[in-house]
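Atom set for the values below is all heavy atoms of this structure, side chains included, hydrogens, waters and symmetry mates excluded.
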Amino acid sequence: MRLWKLIEKYKLASIFIITVIADFWANWYGYAVMHDWIVTQAFLGMAMPLIYFPQGYLFVEAKGVKERLKITIVCALAMSIGSTLMLLMVNN
C-alpha cells in the first residue's frame, strides 16, 4: 500500500517509469516471439498485464481530459525511450 500511495503522489513520474518498463517489456516480448523463445514468451506475456495495471488505473481515474492528455503525452515520451532502449540492447 505504501508503494501505491507513492505512485499516486508522483503520478506522472510513476507513469513515465512504468511505461518505459512496460514498453521495453512489450518489445522484448515481440523479440521473443520472433525468435521462438517459448518459455520467455510465457513469462513476459504473464507479467505484462501486471506491469500495465497502474498506468491503466491512473488513466481511468483521471479527473478530466486535460489530465488524461498529460498522461498520454508522458506515455508517448516513455514509449519512445522504452523502444529505443530495446533497440540498443538488441543492437549490441
Q: Answer with yes or no whether the hydrophobic clustering places V74 together with V65; edges join I, L, V, M, F, W, Y residues whose side-chain heavy atoms lie under 4.5 Å apart.
A: no
Q.
Membership question, hydrophobic clusters at under 4.5 Å side-chain separation (ILVMFWY): are I17 and W4 in the same one?
A. yes
Q.
Among residues at least two apart in sequence or on other chains, which ones pass ring pair (Phe, Tyr, Trp, His ring centres under 6.0 Å) with W25?
A. W28, F43
(Q) Would you say L58 ends up clustered with V60 if hydrophobic residues are merged whenever their side chains have heavy atoms under 4.5 Å apart, either directly or through other cluster members? (A) no
**Q.** Same apolar cluster: I38 and Y29, side chain cutoff 4.5 Å
**A.** no
Q) Tracing side-chain links under 4.5 Å among I, L, V, M, F, W and Y, which residues wind up in one group with L50? A) none
Q) Taking only residues two or more places apart in sequence or in another chain, which ones pass side-chain contact (heavy atoms from CB on, under 4.5 Å) with A42? A) none
Q: Kindly give the heavy-atom pair with the smallest separation between I15 and T19, and that separation in Å.
A: O-OG1, 2.7 Å
Q) If you round to the nearest 0.5 Å, how far is CZ of F24 from CG of L88? A) 10.0 Å
Q. Are the side chain of N27 and the backbone N or O of M86 linked by a donor-acceptor pair below 3.5 Å?
A. no
Q: Would you confirm whether S80, through its side chain, and L77, through its main-chain N or O, come within 3.5 Å as a donor-acceptor pair?
A: yes
Q.
Please list all pairs meeting side-chain hydrogen bond (donor to acceptor under 3.5 Å, both in side chains) that have one or both residues in residues 57-76, counting only residues at least two apart or in different chains.
A. K11-E67
**Q.** Rounded distance [0.5 Å steps], CG in D23 versus OH in Y52
**A.** 5.5 Å
Q) Can a donor-acceptor pair be found between the side chains of Q41 and W37 at a distance below 3.5 Å? A) no
Q) With Y31, which residues qualify under side-chain hydrogen bond (donor to acceptor under 3.5 Å, both in side chains), at least two apart? A) H35
Q. For L6, which fellow cluster members are found when Ile, Leu, Val, Met, Phe, Trp and Tyr are connected by side-chain heavy-atom distances below 4.5 angstrom, either directly or through intermediates?
A. Y10
Q: Compare every heavy atom of L85 with every heavy atom of V20, then report the nearest pair and how far apart it is.
A: CG1-CD1, 4.1 Å
Q: Measure the CD-OG distance between E8 and S14 for me, rounded to the nearest 0.5 Å.
A: 9.5 Å
Q: Treating Ile, Leu, Val, Met, Phe, Trp and Tyr as nodes and any side-chain heavy-atom pair under 4.5 angstrom as an edge, say whether I81 and V90 lie in one connected cluster.
A: yes
Q | M89 side, atom CE; T84 side, atom OG1 - distance, nearest 0.5 Å | A | 13.5 Å
